[in-house]
Amino acid sequence: MKNQKEKDSDLIVVAAAEEYAERNNMPVGDVLKLFAEKGIFALLRSQYDVLHTLDLGEGAEYVEAYLKSVSC
């Protein structure tokens with residue numbers, strides 16, 4: 001069974017995926033594939049200590065900034 005931190009980190013991942021999909025006019029399924037390919041799930045979970053103190057939409061901003069930095 002998952003502890004509360006794991007459940008909260010799952011919520012951050014889901015919120016980031018939904019927000020990213022909305023901001024980029026993408027189906028959530030495509031965003032989930034992108035996140036899986038780019039290792040975003042683990043990245044978001046690794047930043048839990050910071051992201052859980054912010055608005056849920058901040059996860060999508062973090063992902064956008066990360067993807068821009070790795071594509072340059």
Side-chain angles (χ1 to χ4, degrees):
M1 182 173 274
K2 291 184 177 185
N3 65 36
Q4 191 61 45
K5 185 175 180 177
E6 291 171 320
K7 290 177 186 177
D8 290 347
S9 104
D10 288 345
L11 176 62
I12 289 169
V13 169
V14 169
E18 289 177 345
E19 183 70 23
Y20 188 91
E22 185 176 322
R23 290 179 183 199
N24 293 281
N25 198 26
M26 294 174 66
V28 174
D30 290 349
V31 171
L32 295 176
K33 288 177 189 173
L34 173 68
F35 280 21
E37 290 170 4
K38 301 293 184 177
I40 302 298
F41 298 123
L43 178 68
L44 287 168
R45 286 187 172 93
S46 75
Q47 297 302 311
Y48 169 81
D49 289 334
V50 173
L51 292 173
H52 89 277
T53 65
L54 305 172
D55 180 89
L56 285 174
E58 296 291 326
E61 289 184 30
Y62 178 73
V63 170
E64 288 175 344
Y66 171 78
L67 290 173
K68 284 180 185 175
S69 74
V70 296
S71 68
C72 295

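Residues take their numbers from the sequence shown, with the count starting at 1. Since we're looking at a predicted model, the values are computed, not measured.
Using modelled atom types, no side-chain atom of D30 and backbone atom of M26 make a donor-acceptor pair closer than 3.5 Å.
In this structure, the separation between CG on D8 and CG on N3 is 9.0 Å, given to the nearest 0.5 Å. Taking OG of S69 as the start and CD of E64 as the end, the distance is 12.0 Å to the nearest 0.5 Å.
Cluster annotation: F35 is connected to V28 through the hydrophobic network of ILVMFWY side chains, with a link wherever side-chain heavy atoms come within less than 4.5 Å.
Taking both residues in full, the closest heavy atoms of L32 and F41 are given as O-CZ, 3.7 Å, listed atom of the first, atom of the second, then distance. In terms of heavy-atom proximity, Y62 sits nearest to Q47 at OH-CG, 3.2 Å. For the pair A60 and Y20, the tightest heavy-atom approach, listed with the atom from each and the gap, is CB-N, 3.7 Å. The shortest heavy-atom contact between L44 and G59 is CD2-O, 4.0 Å.
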*What do the steps show when you test R45 against I12 for side chain to side chain contact (heavy atoms under 4.5 Å, CB included), and what is the final call?*
CA-CA 8 Å; R45 286 187 172 93; I12 289 169; over 6 Å; no

*Tell me, with the steps shown, if V63 and L43 meet side chain to side chain contact (heavy atoms under 4.5 Å, CB included).*
CA-CA 9 Å; V63 170; L43 178 68; 5.8 Å; no

_Applying side chain to side chain contact (heavy atoms under 4.5 Å, CB included) to I40 and V13, what does each step give before you reach the verdict?_
CA-CA 9 Å; I40 302 298; V13 169; over 6 Å; no

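Of the charged side-chain nitrogens involved, at least one lies within less than 4.0 Å of a carboxylate oxygen, so that E19 and R23 count as a salt-bridged pair. A salt bridge links K5 to D49: one of the charged nitrogens lies within less than 4.0 Å of a carboxylate oxygen.
For CD of E6, the number of neighbouring non-hydrogen atoms (other residues, nucleotides, ligands) closer than 6.0 Å is greater than 12.
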